[in-house]
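Remember, it's a predicted structure, so these values are computed and weren't measured experimentally. Order of the sequence lines fixes the chain letters, A, B, ..., with proteins taken first and strands second; residue numbering starts at 1 for each chain. FYI, side chains are in, hydrogens and waters are out, and symmetry mates aren't considered; it's all heavy atoms of this structure.
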There are 2 protein chains.
Amino acid sequence: MTIEQEFFNQYRLMYRPFINQLNVQLEPYQLYSSQWAVLRLLKDKGPHSFVDIANFMSIEKPSVTKLVHKLVELGYVETMAGKDKREKLVHLSTYGEELVQEIKAHLSPFFEEALAGVSKQDIEIATQVLARICMNINQ
Amino acid sequence: MTIEQEFFNQYRLMYRPFINQLNVQLEPYQLYSSQWAVLRLLKDKGPHSFVDIANFMSIEKPSVTKLVHKLVELGYVETMAGKDKREKLVHLSTYGEELVQEIKAHLSPFFEEALAGVSKQDIEIATQVLARICMNINQ
DNA sequence: GTATATAGTTAGCTAGGCTAACTAATGTAA
DNA sequence: TTACATTAGTTAGCCTAGCTAACTATATAC
């Protein structure tokens with residue numbers, strides 16, 4: 001087996017245990033990992049339109065509609081008028097802002113334990129490898 | 001954002017584009033990436049029982065039943081008696097053996113392009129990081 | 001002003017899992 | 001040896017997290 005195959009093998013092998021554990025961590029907040037990904041995006045990079053979110057997450061618009069509507073229902077985000085009458089911008093509510101802060105703190109030890117025994121340098125290298133693959137795959 | 005959060009952020013961001021592209025590559029063989037994962041396991045590590053496959057892939061037994069039945073339907077794998085009358089072992093058919101070989105060769109350039117510009121050393125580091133996380137997460 | 005493109009929605013589908021409850025076979029302990 | 005518990009696999013039905021096709025409303029281009 002080539003080292004490339006080995007890498008992607010490991011990549012995929014990690015996915016389900018990781019997502020399952022992450023969902024356990026998020027359960028107290030009534031969130032699934034996909035919804036959390038939206039909240040994190042809004043926290044890190046400010047308000048986004050539905051199309052922006054779709055592009056960033058590499059999913060389709062109807063999937064965004066569902067995700068955002070669920071987050072609106074929970075009171076974590078709100079929508080407002082965009083740059084024209086078609087566009088809607090999604091942003092965190094005051095409650096959502098606080099909650100994201102709290103969740104980040106709650107997740108922190110989970111992430112640290114998951115990466116226990118890995119040097120900061122190797123984490124950075126691995127992050128860069130993943131980022132590079134994203135770039136290569138999306139042209 | 002901590003480097004741990006950054007890492008898992010990137011990890012998740014890569015997932016969908018990667019799986020989508022992989023599924024495109026596998027389409028000529030009527031396979032989805034999850035079914036391919038089973039074939040690769042059987043190729044790399046020989047025949048496995050349903051429970052073995054479930055444990056290795058971190059999924060539940062009923063999910064394995066579905067995956068394997070589909071692969072049997074396609075003629076890529078066969079089942080045989082296991083170590084007692086309860087157990088069934090899944091192994092590649094002759095056709096399946098050939099096909100896996102062919103698919104591996106077909107996927108090779110895709111993996112190489114995805115990792116273009118990444119040094120062999122960094123790929124190995126990233127692979128080890130992913131393996132370590134798997135270990136940490138599963139206790 | 002008409003054709004085309006863009007933002008978001010709705011309906012209904014799929015992959016890829018899950019749990020609960022079951023059967024059949026095997027182990028264990030009184 | 002009988003009775004209970006465990007294990008391997010299956011079935012039915014559910015869920016997350018996506019998808020496409022077809023739609024409405026608005027905006028842009030020619």
Side-chain angles (χ1 to χ4, degrees), chain A residues 12-27 29-39 41 47-74 77-90, chain B residues 12-27 29-39 41 47-74 77-90:
Chain A
R12 198 172 203 292
L13 214 52
M14 192 192 114
Y15 186 75
R16 191 128 302 269
F18 169 64
I19 290 294
N20 286 345
Q21 293 264 11
L22 183 54
N23 281 334
V24 169
Q25 296 296 318
L26 292 172
E27 216 214 312
Y29 308 100
Q30 293 176 268
L31 287 172
Y32 289 103
S33 63
S34 57
Q35 296 156 353
W36 167 241
V38 177
L39 293 180
L41 171 64
H48 281 66
S49 71
F50 284 67
V51 167
D52 288 344
I53 295 174
N55 290 338
F56 182 82
M57 296 181 67
S58 305
I59 59 178
E60 298 302 317
K61 287 186 297 172
S63 308
V64 177
T65 300
K66 280 191 197 173
L67 282 173
V68 170
H69 284 185
K70 182 65 191 176
L71 293 173
V72 169
E73 224 174 80
L74 289 165
V77 309
E78 289 159 359
T79 58
M80 59 190 197
K83 65 174 188 287
D84 60 39
K85 283 183 182 172
R86 292 172 302 179
E87 196 182 74
K88 289 199 284 184
L89 288 179
V90 187
Chain B
R12 198 173 204 291
L13 214 52
M14 193 192 114
Y15 186 74
R16 190 126 304 267
F18 168 63
I19 290 294
N20 285 345
Q21 293 265 12
L22 183 55
N23 281 334
V24 169
Q25 296 296 319
L26 292 172
E27 217 214 312
Y29 308 99
Q30 292 174 269
L31 287 172
Y32 289 104
S33 64
S34 56
Q35 297 156 353
W36 168 240
V38 177
L39 293 180
L41 170 63
H48 281 66
S49 72
F50 284 68
V51 167
D52 288 342
I53 295 173
N55 290 338
F56 183 82
M57 296 181 68
S58 305
I59 59 178
E60 299 302 318
K61 287 186 298 173
S63 307
V64 177
T65 300
K66 279 191 198 173
L67 282 173
V68 170
H69 285 184
K70 183 65 191 177
L71 292 173
V72 168
E73 223 175 80
L74 289 166
V77 308
E78 289 158 359
T79 59
M80 59 190 198
K83 65 173 186 288
D84 60 39
K85 282 184 185 171
R86 293 172 302 181
E87 196 183 73
K88 289 200 283 184
L89 288 179
V90 187

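Among the heavy atoms of the strands lying under 4.0 Å from S63(A) is at least one base atom, whether or not backbone atoms are also near. As judged by a 4.0 angstrom heavy-atom cut-off over every strand, S58(B) is placed among residues touching the sugar-phosphate backbone only. When heavy atoms are screened at a 4.0 angstrom cut-off, E60(B) is found touching base atoms of the nucleic acid.
At whole-Å resolution of the value, NZ in K70(A) and C1' in dT16(D) are 12 Å apart. When the C1' atom of dA17(D) is taken as reference, atom CG of N23(B) falls 14 Å away, rounded to whole Å. In this structure, the CD1 atom of I59(A) is 16 Å from the C1' atom of dT14(C), given to the nearest Å. The distance between atom CE of M57(B) and atom P of dG16(C), rounded to the nearest whole Å, is 9 Å. In this structure, CD1 of I19(A) is placed 15 Å from C1' of dC18(C), rounded to the nearest angstrom. A straight line from CD of E87(B) to C1' of dT26(C) spans 12 Å, rounded to a whole angstrom. The distance between atom CG of N20(A) and atom P of dT16(D), rounded to the nearest whole Å, is 13 Å. dC15(D) atom P lies 18 Å from atom CG of L31(A), rounded to whole Å.
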Exercise. Going through the distances and angles, do R12(B) and I19(A) end up as a side chain to side chain contact (heavy atoms under 4.5 Å, CB included)?
Worked result: CA-CA 9 Å; R12(B) 198 173 204 291; I19(A) 290 294; 3.8 Å; yes

For this session: Would you sort out whether L71(A) and L31(A) count as a side chain to side chain contact (heavy atoms under 4.5 Å, CB included), showing the intermediate values?
Result: CA-CA 9 Å; L71(A) 293 173; L31(A) 287 172; 3.7 Å; yes

Exercise. Under the side chain to side chain contact (heavy atoms under 4.5 Å, CB included) criterion, do W36(B) and N23(B) qualify, and how do the steps go?
Worked result: CA-CA 9 Å; W36(B) 168 240; N23(B) 281 334; over 6 Å; no

Exercise. Are L67(B) and I59(B) close enough, and set up right, to give a side chain to side chain contact (heavy atoms under 4.5 Å, CB included), and what steps lead you there?
Worked result: CA-CA 11 Å; L67(B) 282 173; I59(B) 59 178; 3.9 Å; yes

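To the nearest 0.5 Å, the span separating CD on E60(A) from NZ on K66(A) amounts to 12.5 Å. From L41(B), atom CG reaches atom NE2 of H48(B) across 4.0 Å, with rounding to the nearest 0.5 Å. Rounding to the nearest 0.5 Å gives a distance of 9.0 Å between OG of S33(B) and CG of N20(B).
Side-chain nitrogen and oxygen atoms of T65(B) include at least one within less than 4.0 Å of the OP1 or OP2 phosphate oxygen of dT10(D). Using a 4.0 Å cut-off, some side-chain N or O of R16(A) falls inside it from OP1 or OP2 of dG17(C). The phosphate of dA17(D) has OP1 or OP2 within less than 4.0 Å of a side-chain N or O from S33(A). OP1 or OP2 of dT10(D) sits under 4.0 Å from a side-chain N or O of H69(B).
Of the possible donor and acceptor atoms, one in the side chain of Q35(A) sits under 3.5 Å from a partner among the backbone N and O of Y32(A). Side chain of D52(A) to main chain of N55(A): no donor-acceptor pair is present (N/O by atom type, distance under 3.5 Å, no hydrogens or angles).
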Seminar exercise, completed: For nucleotides 21-30 of chain D, 5' to 3', base contacts (B), sugar-phosphate-only contacts (S) and non-contacts (-) with protein non-hydrogen atoms under 4.0 Å give B---BBS---

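Between dG18(D), dG8(C), dT10(D), one nucleotide has an atom nearer to the side chain of K88(B) than all others, and that is dT10(D). When the nucleotides dG8(C), dG18(D), dT16(D) are ranked by their closest atom to the side chain of S34(A), dG18(D) comes out on top.
Residue-to-nucleotide proximity on DNA chain C shows that, of F50(A) and R12(A), the 5′-proximal contact is made by F50(A).
Between the side chain of K66(B) and the base of dG16(C) there is no donor-acceptor pair of N/O atoms closer than 3.5 Å.
Classification of the H69(A)-F50(A) ring pair by plane angle, with boundaries at 30° and 60°, yields perpendicular.
In the helix from dG1(C)-dC30(D) to dA30(C)-dT1(D), the terminal helix axes, each the rotation mapping four pairs' C1' atoms onto the next four within five end pairs, subtend 20°, rounded to 10°.
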